[in-house]
Amino acid sequence: MAASASPSLRTSTVRSSVLSSLSSKLPLSSAFSVNFRPRSVGVPRFVVLVSASLNAKPTVLVAEKLGEAGVDLLKEFANVDCSYNLTPEELCTKISLCDALIVRSGTKVSREVFESSGGRLKVVGRAGVGIDNVDLAAATEHGCLVVNAPTANTVAAAEHGIALLTAMARNVAQADASVKAGKWQRNKYVGVSLVGKTLAVMGFGKVGSEVARRAKGLGMHVIAHDPYAPADRARAIGVELVSFDEAIGTADFISLHMPLTPSTSKILNDENFAKMKKGVRIVNVARGGVIDEEALVRALDAGIVAQAALDVFTVEPPPKDSKLIQHENVTVTPHLGASTMEAQEGVAVEIAEAVVGALKGELAATAVNAPMVPAEVLTELKPFVELAEKLGRLAVQLVAGGSGVKTVKVTYASSRAPDDLDTRLLRAMITKGLIEPISSVFVNLVNADFTAKQRGLRISEERVVLDGSPEKPLEYIQVQIANVESRFASAISDTGEIKVEGLVKDGIPHLTKVGSFEVDVSLEGSIILCRQVDQPGMIGRVGSVLGEENVNVSFMSVGRIAPRKQAVMAIGVDEQPSKQALKRIGDIPAIEEFVFLKL
């Protein structure tokens, strides 16, 4: 229902976010935009608008070895270029011909890569969990979606962590080498038991929690440190979350499962090694850069760290003469965490599906640099997403030339509590609708907030809670632009802002209010808005002009203040009228003003 028809309003919750100004030019060129368009049966779907030929298959560059099942899946949808061991220069040269790029951990996807793509690169797929080798800020600025494959190799990485833990505790690698060298040194390789020992899991995400489960099965006491992990999830598997200092200070074994970020880089250094129990043992199947490798050698030599088992290194492969690699008390493997046959195929399929889905314009559940919208929420919001974008498009086209759009207010009316309504996707689509009609920038869910912020526009979001059934997520959306002049004076509300409002009927977005005038028109095709003197024959006269110009009218609606007073007529048209046709409409004596709006 429209705002004027709402019988009962409760308090509203206002949340403001500074987003963007539509006046400055931004040197971004995204080759696609995520959009909603109706199917023939009226069900909206995502489509991808590509600046290149729409008939051509997209090209996917696979820059590191990918499982055959994943490559086969990609080939069903795209042209696939498998080029391995590219230098940074070769990657930058190739990328301008590619719509998607798939890498593992060995390829750096830098800002230069995104700049070299010329806006064509739409998706970067990381075949694995960590995304520290991808410049996320540059990807977002260039409207490029980054997806990863966080689930397929979870078990493999956890199993490898446990394998290194047990092999280290029982000196398996050293004893194996000794026997193969013709020696039999049973006394030298006496190990330590795991039962009753304390394991500190540093990073309690997917892999860390799986390691904790397995360590509990080995009879270990498990504690964990992760500033972002929910305590109830840890308690559910019998793990206590503790501070960083408590974790490293009380542990007999430490297993690292944290991402490499500026805050975790070399987090195990001389200072923190000094806080550990003498004789601690360390396992790392996460990222090499989280350990200061020179400091670890010193800690090993000093006996603070009794042993280390490492699958990852700061530089891979590490130098052959590395003191750490050659240290007698260090067990090493060549980044084998995800290297099981099952995980390799699983990761390949998972990342291929995510990349193909993204190229089709679908929201990937594993998107790293876009709002995470649950699938069930996305399905429910689909028609409202199309409504949000079209209201943004209408509102900004009503702004008179020369008026700088600085402040936008969006109102969501719903019978649901404010916390039950996720508006991030709606806000992104309103931003898209506001910016694209008046700029050369393509806006999508990835870069909407960034693009808006660069342009200085302030968007406030207000949620009006209605009495009624919460079955529908929204009753209506209202968009207001303040402190601007309008091309259509009747779009100015009583409070002085351009105001448009709409709702969804039978899955189709409808415009229900322009300024203070109530209308009811389907937001399909394009719209002509006319303010007129309310008198008989006006619909026929305007319809006749359009018919004579071979412009098909899909609907008409008239909203008026009172009989024989002013009215606003909204006309939906399938084709864009000629300038001559619009002039003839404007020349009708009772027409006081009109505007053509392209959706």
Side-chain angles (χ1 to χ4, degrees), residues 155-202 207-208 210-222 248 251-257 268 273 276-288 290-343:
V155 169
E159 288 178 346
H160 195 62
I162 293 294
L164 287 177
L165 180 76
T166 55
M168 173 179 63
R170 299 305 298 270
N171 300 300
V172 171
Q174 292 86 345
D176 174 75
S178 174
V179 172
K180 288 179 178 177
K183 301 175 183 178
W184 194 258
Q185 299 173 296
R186 295 181 64 192
N187 292 333
K188 182 176 182 180
Y189 296 116
V190 174
V192 295
S193 179
L194 301 179
V195 174
K197 299 296 173 54
T198 296
L199 171 68
V201 176
M202 309 300 287
V207 177
E210 290 298 325
V211 167
R213 291 178 193 275
R214 287 157 175 76
K216 292 284 291 183
L218 294 172
M220 303 187 78
H221 170 61
V222 182
I248 64 172
D252 301 299
F253 292 81
I254 296 173
S255 187
L256 301 176
H257 303 284
L268 292 196
F273 283 128
M276 297 178 186
K277 290 172 64 173
K278 187 175 179 64
V280 68
R281 290 169 168 83
I282 296 173
V283 176
N284 187 11
V285 294
R287 287 289 178 268
V290 301
I291 297 178
D292 182 335
E293 293 179 349
E294 293 181 356
L296 177 55
V297 171
R298 289 191 287 271
L300 285 161
D301 290 342
I304 297 173
V305 176
Q307 292 177 292
L310 310 174
D311 185 49
V312 289
F313 307 91
T314 303
V315 176
E316 295 185 359
K320 292 181 180 179
D321 60 351
S322 165
K323 291 183 179 179
L324 182 62
I325 301 299
Q326 301 300 328
H327 202 288
E328 183 182 14
N329 295 329
V330 175
T331 300
V332 293
T333 53
H335 205 145
L336 297 179
S339 295
T340 65
M341 293 176 63
E342 295 83 358

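Model, not experiment: these values are computed from the prediction.
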Test log, rule side chain to side chain contact (heavy atoms under 4.5 Å, CB included), inputs Leu218 and Ile162: CA-CA 10 Å; Leu218 294 172; Ile162 293 294; 4.2 Å; yes

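- Atom CE of Met220 is separated from atom CG of Leu199 by 4.5 Å, given to the nearest 0.5 angstrom.
- Considering CE of Met168 and OG1 of Thr166, their distance stands at 9.0 Å, rounded to 0.5 Å.
- Taking CG of Asp301 as the start and NZ of Lys323 as the end, the distance is 8.5 Å to the nearest 0.5 Å.
- Taking both residues in full, the closest heavy atoms of Val283 and Gly161 are given as CG1-O, 3.9 Å, listed atom of the first, atom of the second, then distance.
- Here OG1 of Thr333 is found 4.5 Å from CG of Leu164. Values are rounded to the nearest 0.5 Å.
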Tell me, with the steps shown, if Glu210 and Glu159 meet side chain to side chain contact (heavy atoms under 4.5 Å, CB included). CA-CA 8 Å; Glu210 290 298 325; Glu159 288 178 346; over 6 Å; no

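- Taking CG of Leu324 as the reference point, atom CG of Asn329 lies at 11.0 Å (rounded to 0.5 Å).
- Contact annotation: the side chain of His160 never approaches that of Thr340 to less than 4.5 Å [non-hydrogen atoms, C-beta and beyond].
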Before you tell me yes or no, could you show the steps for Val312 and Val285 under side chain to side chain contact (heavy atoms under 4.5 Å, CB included), namely the whole-Å CA-CA distance, both residues' side-chain angles and the distance that decides it to 0.1 Å? CA-CA 6 Å; Val312 289; Val285 294; 5.9 Å; no

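- Closest approach of Ala308 and Leu296 over heavy atoms only: CB-CD2, 4.3 Å.
- Closest heavy-atom contact between Ala343 and Ala156: CB-CB, 3.6 Å.
- Of the listed residues (His221, Met276, Arg281, Lys277), just one forms a side-chain contact (heavy atoms from CB on, under 4.5 Å) with Asp252, and that residue is Lys277.
- Between the OG atom of Ser255 and the CD1 atom of Ile282 there is a distance of 10.5 Å, given to the nearest 0.5 Å.
- Closest approach of Ala302 to Lys278, counting heavy atoms only: O-NZ, 3.4 Å.
- Closest approach of Thr331 and Ala173 over heavy atoms only: CG2-CB, 3.9 Å.
- Within 6.0 Å of atom CD in Gln326, more than 12 heavy atoms from other residues, nucleotides or ligands are found, so the atom counts as buried in its surroundings.
- Contact detail for Ile325 and Phe313: the closest heavy-atom pair is CD1-CE2, 3.3 Å.
- Atom CZ of Arg170 is surrounded by 12 or fewer heavy atoms from other residues, nucleotides or ligands within 6.0 Å.
- Of the possible polar contacts, one joining the Asp311 side chain to the His335 backbone as a donor-acceptor pair under 3.5 Å is found.
- For the side chain to side chain donor-acceptor pair (under 3.5 Å) condition, the pairs that include at least one residue of residues 187-201, sequence neighbours left out, are Lys188-Glu328.
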